[in-house]
Each structure stands twice: as structure tokens, then as C-alpha cells.
Colleague: 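Attaching a single structure in C-alpha cells format; questions to follow.
Residue indices begin at 1 and follow the sequence shown.
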Amino acid sequence: MAATAYVEKTALLDTATKDIFDWSDDATPLRDAMWDKVMDSNNHNTDATSEQAAKWEDMNDSDLKAAAEKLLK
């Protein structure tokens with residue numbers, strides 16, 4: 001049951017960016033699109049990106065969507 005809750009909690013992160021935002025035509029999962037953007041902005045520092053990405057999994061869908069839009073748009 002815990003695994004199911006985790007899958008539901010991270011479902012938005014695993015959804016194609018184009019299926020979340022009408023302004024995107026990118027089929028990349030949201031998690032990967034956000035990861036790539038953060039990596040590009042911090043000189044490819046994996047540790048710093050991992051710290052930021054860990055926060056995404058604790059966000060509710062509306063907060064995650066708002067953070068993603070701010071980061072990606």
C-alpha cells in the first residue's frame with residue numbers, strides 16, 4: 001500500500017510535460033525536464049540538483065505545477 005501512495009504522489013512528476021502545460025509540446029516527463037533545467041542552471045552540479053529534486057517529491061500537485069511552470073516557462 002505504501003508503494004501505491006508513492007506512485008500516486010509522484011504521478012505528476014512522471015507525466016509528460018506537454019500533458020500538464022498547454023504551452024509545452026515536450027514529451028519529456030516533468031521530473032526530467034525540471035532536472036535538466038536545474039542542472040543547466042547550476043553548472044551541472046548533481047549534488048545541488050539532487051537536493052532540489054528531493055523537494056519536488058514532497059510537494060502537492062498544485063505546488064509542484066507552479067514550481068515547474070516558474071522553472072520551465
Colleague: Using the side chain to side chain contact (heavy atoms under 4.5 Å, CB included) criterion, which residues pair with A48? Sequence neighbours excluded.
Modeller: N42, N45
Colleague: Tell me which pairs pass ring-ring contact (aromatic ring centres under 6.0 Å, His included) where either residue lies in residues 9-49, with sequence neighbours left out.
Modeller: F21-W23
Colleague: Checking D25 now: which residues fulfil side chain to side chain contact (heavy atoms under 4.5 Å, CB included) with it, not counting sequence neighbours?
Modeller: none
Colleague: Shortest non-hydrogen contact from T28 to A33?
Modeller: CG2-N, 3.6 Å
Colleague: To the nearest 0.5 Å, what is the distance between CH2 (W56) and CZ (R31)?
Modeller: 9.0 Å
Colleague: Got a second to check how far L30's CG is from E69's CD, nearest 0.5 Å?
Modeller: 11.0 Å
Colleague: Test of understanding: with side chain to side chain donor-acceptor pair (under 3.5 Å), list the residues that count as partners of D32, not counting sequence neighbours.
Modeller: none
Colleague: Please list, chain by chain and in numerical order, all residues satisfying side chain to side chain contact (heavy atoms under 4.5 Å, CB included) with A16, sequence neighbours excluded.
Modeller: K18, D19
Colleague: Between S24 (side chain) and I20 (backbone), is there a donor-acceptor pair under 3.5 Å?
Modeller: no
Colleague: Please list, chain by chain and in numerical order, all residues satisfying side chain to side chain contact (heavy atoms under 4.5 Å, CB included) with K37, sequence neighbours excluded.
Modeller: L71, L72
Colleague: I want to check something: taking the side chain as every heavy atom from C-beta on, are K65 and M59 in contact at a cut-off of under 4.5 Å?
Modeller: no
Colleague: Please determine whether the number of non-hydrogen atoms from other residues, nucleotides or ligands lying under 6.0 Å from atom CG of N60 exceeds 12.
Modeller: yes
Colleague: Contact between L64 and L13 at the side-chain level, heavy atoms closer than 4.5 Å - yes or no?
Modeller: yes
Colleague: Is the closest side-chain heavy-atom distance between D61 and L12 below 4.5 Å?
Modeller: yes
